[in-house]
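Chain letters run A, B, ... following the sequence lines, proteins first, then strands; residues in each count from 1.
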Amino acid sequence: MSEKLVLIDGHSILNRAFFGLPDLTNSEGLHTNAVYGFLNILFKILEEEQPDYLTVAFDVHAPTFRHKMYEAYKGTRKPMDDALRQQVPLMKEMLAAMGVCTIEMEGYEADDLLGTLAGMGERAGMEVSVVSGDRDLLQLATDHVRIRIPKTKRTGTEIEDYLAADVKERYQVTPKEFIDVKALMGDTADNIPGVPGIGEKTATALIGQYGCIEEVHAHADVVKPPRASKNIVEYWDQAVMSKELATIITDVPVDYDFANAKIDGKASLYTEEAYLLCKRLEFKNLLNRFTVDAQKNHAEESFQIVKDQKTADRIWKKAEGKEAGFYVVEQGVQNQQLSLFDTAEEQKFAGLAISFSEEDNYLMVASQELPAEKLKQDLLERQELYAADLKPALAAFDLHDVPEEMRTRFFDRTIAAYLLNPLKGAYPYEDIAKDYLGLMIPSRTDLLGKQMPGDVITEKEADVLRYACWESYITWKSAAVLKEGLKEHGMEQLMREIEMPLVFVLSDMEQDGICIDANALKEYGQKLSVSIGELEQKIYEEAGETFNINSPKQLGVILFEKMQLPNGKKTKTGFSTSAEVLEKLAGDYPIVADILEYRKLSKLKSTYADGLSNFIDATGKIHTTFHQTITATGRLSSTDPNLQNIPIRIELGKMIRKVFHPMPGDLFVDSDYSQIELRLLAHMSGDEQLIEAFRENQDIHRSTASKVFHVPFDEVTDLQRRNAKAVNFGIVYGISAYGLSQDLNIGTKEAQGFIDSYFETYPKIKEFLDNTVAQAKEKGYTRTLFGRIRPIPELSSGNFMTRQFGERVAMNAPIQGTAADIIKIAMIRVHDRLIREHFRSRLILQVHDELLIETAEEEKEKVIALLEEEMQKAADLKVELAVGTACGQDWYEAH
DNA sequence: TGAGTCACG
DNA sequence: ACGTACGTGACTCAA
């Protein structure tokens, strides 16, 4: 096999990393984000390619002669951001510490060095990779020189790869022709003028036809369009200069010896010196790479594909008595029958990866020889099953109402990782590997790009094998570490008794779905359309012109510039047109009232009327997805569609709920907790005043008003009650005078007065909140009654505002989180009893403090009793939990 | 892709 | 002096 050379465009990658990452600083105040990002990209490349040679090229700081040439012509380069400039020497220091070969040369750009070295490597018979954020380098691509462009995404780094053929495919021109395209179209970022009037389209077309600018010039008389024809002659000198500017020099007289770029095993990269530097820069999650990397992971060598029953039987036999990690490969099957529309896709079981030792990692592909049904059965006979992501696996296996005996055999590593750190948006296996095992391994996008494993399981078998087995292997290997972590943090019980059982409840709820009256929904949407049309015309008349009312930008211009309305509050990008602002103007200006109305109706139509109809399946049902590992506090979230934000506060919006109905002949039972968060506050603070108010079952806001404003309970005015209610909300959210003043439209002084009186009335609550914040500052996290933690890194921020935010979060998280824990417990118990006591009734939805059940008429009374009982008894507090229940033929009636 | 807006608890 | 209430997700526009 030929040797591999990796060349890195130093400044370009630093630049990418700098702008792609938030501004990290270490405790010395050094900016470190660019170095950090660079290292991550470097490690990823090393991991993927395992090159034999590595070199990083830098520009020398003085401008090169080519830019001088142009600067004389026009303009200068932008100066570098100071926070980035500081990091250049730091990066060089790091590379030196790691023993990485670097190169820079007076008079030449990094591009030229890269081009020259790439050519040298190719001629020496190597496979070359050039890593840069700069598309100019695409001109260097050949069959053996690959240009790799990293893109920093939310989910990590993705790399676009270009061999010569890929450039041709993507840009319709060869790498050499790419130079000429650039010469014509120009590049402002690179100070290449190009030819005026020729953009990307024309340039590509012309070069595609003629091959180079000289030929285009020679045929100028027949070149189309006319503007290009004229300008190619008129600006010919500029075109020639642009070509020169765009051309990367590939014959720089470099003093370079591959021997200096040789990577001598891991040891020379992961040096003591580099380790210490990483420590100084506080790259904590890079550190374990230096220590653990010595024991390189060999699991991948054992990944094996299995397609016949005989081999599978042997494997299952070998796995007996062992814990197994598994990952289910699903295949999207387009199914016209499935939906009223053509968008629905059914997920079908396509394969199963299992892991039960360092050497035993298999992907079993479902087929005639290896039936899906048999694979499922064999898997489900295992005693200890570690799932990469259990809920979708249950759906793929078509498992409902799983008996307890089977439920307790599962452990979901994604949920475990979520409990240990609920702040991450996602828990992909490569993060688990890095955070808990100190392993750096390729991610899904590295292996499969944007493609879904199930969709390419036949065409890209080897890649899917790698991906699926990494999933199962990491699941298997990390389980022990994650369990240990849960134990250390006192969250074993939370995991075992709440989160894991809940997976099965949510799975059943999702699979059951909820019935929707599609026709009624359509009619509702049509009615909205009519009203929206009328309002639209009216608004245009009032404005004296037509414009896009949905564009805050255009709307701002119309209202605050053209019509000169007062009070133009600003956002970062222009005038604020939020409801808060507009409501203040609505009384004086009819157009503003109409716009508010228009906004409301548009929202209802686009998000609910039209939005929901896209999710109705062939049986007339909607199946939301509940997410158990998203929120920082422990709540669930709901997507595709979100059924936790269906309108209720305004009547017209609430009408939507009439289209949500039970199965024919059945009815809905809906219970919600009353004031659960304030009850929890009473319990957790132990404040006698608040506890007593709840025990006496008083109107809690009136009671608060009476005490805070020192008026008899019966003489509390509406305004006083409203103010007290806002304070109660504020307390739960982590009170601030400013926030309260905004909510009540009063001054901050007055708001602070309310808060002071409140804390005088309820001293234990103040004590509790202060205590919670203090503990959070000390430990770095808060905890719910059931042990769930929420880390609050903001509390140690140097920024005052950020720290304040951290304090509010610290006050809110234990309350919101405990409420989330409690309703989860209730859900598990309700679901369990409905199955165990053989009810036909099903739990359908959860909306944070509300549970919706679909029930048969004859079960109604028993189900109401069951639901209320389990919700009330879910937690035993100093104040009882109160539940309100309603029934009905649709969700409107039942809530 | 991010910002603005708005629906819910 | 600072300039925000806590937690979510979907849609739209305009780069």
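One N or O donor and one acceptor, one from the side chain of A:K603 and one from the base of B:dC6, sit under 3.5 Å apart.
A side chain to side chain donor-acceptor pair (under 3.5 Å) with A:Q628 holds for exactly one of A:E499, A:K824, A:K391, A:R635; it is A:E499.
Interface residues of residues 742-754 of chain A facing DNA chain C, ordered by number: A:D743; criterion, heavy-atom separation under 4.0 Å.
Here C:dC6 presents its P atom at 16 Å from NE2 of A:H848, a figure rounded to the nearest Å. If you measure from atom CD of A:Q804 to atom P of C:dG3, you get 12 Å, rounded to the nearest angstrom. As a whole-Å value, the separation of A:L769 CG from C:dC6 P is 14 Å. The CG-C1' distance, from A:N548 to C:dT12, rounds to 8 Å in whole Å. Distance, A:K654 NZ to B:dC6 C1': 19 Å, rounded to whole Å.
For A:E545 and A:K562, the salt-bridge test passes: some basic side-chain N is under 4.0 Å from an acidic carboxylate O.
Taking the side chain of A:N550 as heavy atoms from C-beta on, and the options C:dT12, C:dG9, C:dA5, the nearest nucleotide is C:dT12. The side chain of A:N642 has C:dG9 as its nearest neighbour among C:dG7, C:dG9, B:dC8. Looking at the side chain of A:V847, the nearest of the listed nucleotides C:dG7, C:dA5, B:dG9 is B:dG9. Candidate nucleotides C:dC11, B:dT5, C:dG7 were compared by shortest atom distance to the side chain of A:N812, and C:dG7 ranks first.
Note on A:R803: nothing from the nucleic acid sits closer than 4.0 angstrom, heavy atoms only. At a threshold of 4.0 angstrom between heavy atoms, the contacts of A:L636 with the nucleic acid are absent. At the heavy-atom level, A:L604 lies nowhere under 4.0 Å from the strands shown. Contact annotation for A:E850: no contact, since no heavy-atom pair falls under 4.0 Å across all strands. Nucleic acid contact class of A:L740 (heavy atoms, under 4.0 Å, all strands): base. A:A579 comes within 4.0 angstrom of sugar-phosphate atoms only, judged by non-hydrogen atoms across all strands, and of no base. Note on A:R599: only backbone sugar-phosphate atoms sit closer than 4.0 angstrom, heavy atoms only; bases stay farther off. Counting non-hydrogen atoms under 4.0 angstrom, A:A632 reaches the backbone sugars and phosphates but no base. Here A:G730 lies in heavy-atom contact (under 4.0 Å) with a base.
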Walk me through it: do A:Q644 and A:Q846 pass the test side-chain hydrogen bond (donor to acceptor under 3.5 Å, both in side chains)?
CA-CA 7 Å; A:Q644 291 183 320; A:Q846 186 252 42; 3.0 Å; yes

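Comparing C:dC2 with B:dA7, their C1' atoms sit 31 Å apart, to the nearest whole Å.
For A:T631, no side-chain nitrogen or oxygen approaches OP1 or OP2 of C:dG7 to under 4.0 Å. Dashed line: the shortest gap from a side-chain N or O of A:T577 to OP1 or OP2 of B:dT5 is under 4.0 Å. Checking the phosphate oxygens (OP1, OP2) of C:dT8, no side-chain nitrogen or oxygen of A:S638 falls inside 4.0 Å. Note on A:R808: a side-chain N or O is less than 4.0 Å away from OP1 or OP2 of C:dC6. A sub-4.0 Å separation between OP1 or OP2 of C:dG7 and a side-chain N or O of A:R790 is present. Listed pair A:S637 / C:dG9 meets the phosphate criterion, a side-chain N or O lying under 4.0 Å from OP1 or OP2.
Checked against the 6.0 Å centroid criterion, the rings of A:F754 and A:Y758 do not qualify as a close aromatic pair.
For A:Q816 and A:M801, each mapped to the nucleotide of DNA chain C holding its nearest heavy atom, the one lying further toward the 5' end belongs to A:M801.
Judged by centroid separation below 5.5 Å and plane tilt below 30°, A:Y738 stacks onto the base of C:dT4.
Counting only distance, with no hydrogens or angles, the side chain of A:Y418 and the backbone of A:T631 share a donor-acceptor pair below 3.5 Å.
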